[in-house]
Amino acid sequence: MIRVSQEHLQTIRTHAENIYPDECCGIILGYMGSKSKTVVEVMPTENAWSTEAADFLGEYTAESERRQYAIAPQVMLQAQKAARDRSLNIIGIYHSHPNHPAIPSECDRLYAWQGYSYIIVSVQNGKAKEVQSWSLDDTHQFQAEAIEIVNSNQ
């Protein structure tokens, strides 16, 4: 389970709507408990998926930036340091699916890391709709993860 405030969800939804029709992405900081994760901060990031990265991976098409995302390694390192300085962890990643359901793609699964939560927001015609969270199981398959809405002061 991932525990998140309405304010954090709104930050994710707003970022997704502002970047539409491209995919947005960001980093989720918080605490890892034995049975749940608690979101403390969401950090919108630039979608670093680029022609160069896609060419390196052999996956570039004209639509790549609208249906794939990447967070630059230096951004991840800076977020990790900032989290550590505040006794937090990177507990997940969020991204949007423009005009598609909030269900992970095969590309999402291939690049996902165990232990993280993956919050996906579906953006239909520029409006954020369904939000779902996913995590990888022991066989590297996504499983739905419950989202619990909490007060922002919890």
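Computed from a prediction, not measured in an experiment: that's the story for all the values here. Side-chain atoms are counted along with the backbone in the values below, which use heavy atoms only and exclude waters and symmetry mates.
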Inset, instruction - Check whether any side-chain heavy atom of Ile120 sits under 4.5 Å from a side-chain heavy atom of His95, and report yes or no. - result: yes

Inset, instruction - Ignoring hydrogens and angles, state whether a donor on the side chain of Glu130 or Ser122 is under 3.5 Å from an acceptor on the partner side chain. - result: no

Inset, instruction - Answer yes if the side chains of Glu7 and Thr11 hold a donor-acceptor pair under 3.5 Å, and no otherwise. - result: no

Inset, instruction - Enter the distance from Ile71:CD1 to Trp49:CH2 here, rounded to the nearest 0.5 Å. - result: 12.5 Å

Inset, instruction - Supply the atom-to-atom distance Ile2 CD1 to Ile149 CD1, rounded to the nearest 0.5 angstrom. - result: 10.0 Å

Legend entry - Where Ala83 and Ile90 come nearest, the two heavy atoms and their spacing: CB-N, 4.4 Å

Inset, instruction - Kindly compute the distance separating CD1 (Ile91) from CD1 (Ile27), expressed to the nearest 0.5 Å. - result: 12.0 Å

Inset, instruction - Quick one: pull up CD in Gln141 and CH2 in Trp134 and give me the separation to the nearest 0.5 Å. - result: 11.5 Å

Inset, instruction - Run the numbers on Asn99 and Tyr20 for side chain to side chain contact (heavy atoms under 4.5 Å, CB included), then give the verdict. - result: CA-CA 9 Å; Asn99 298 320; Tyr20 180 88; 2.8 Å; yes

Legend entry - Which atom of Glu23 lies closest to which atom of Pro98, heavy atoms considered: CG-CD, 3.5 Å

Legend entry - Shortest non-hydrogen contact from Val123 toward Ser96: CG2-CB, 4.0 Å

Legend entry - Qualifying salt bridge (charged side-chain N to carboxylate O under 4.0 Å, His left out) pairs, either residue in residues 89-108, two or more places apart: Glu106-Arg109

Legend entry - Point-to-point distance, once rounded to the nearest 0.5 Å, from OG1 of Thr45 to NE2 of His15: 6.5 Å

Inset, instruction - Considering non-hydrogen atoms only, spot the tightest contact between Ser135 and Tyr116 and give its length. - result: CB-O, 3.7 Å

Inset, instruction - Compare every heavy atom of Met32 with every heavy atom of Asn89, then report the nearest pair and how far apart it is. - result: ND2-CG, 4.1 Å

Inset, instruction - Identify, with sequence neighbours excluded, every residue that meets side-chain contact (heavy atoms from CB on, under 4.5 Å) alongside Ala72. - result: Ala48, Gln74, Val75

Legend entry - Over all atoms of both residues, closest heavy-atom pair of Ser87 and Tyr31: O-CE2, 3.7 Å

Legend entry - Glu46 atom CD, neighbour heavy-atom count above 12 within 6.0 Å: no

Inset, instruction - With sequence neighbours left out, write down each residue that passes salt bridge (charged side-chain N to carboxylate O under 4.0 Å, His left out) with Glu41, or none if nothing qualifies. - result: Arg86

Inset, instruction - Please test Asp137 against Gln143 for side-chain hydrogen bond (donor to acceptor under 3.5 Å, both in side chains), starting from the C-alpha separation and ending with a verdict. - result: CA-CA 7 Å; Asp137 64 17; Gln143 300 299 321; 3.0 Å; yes

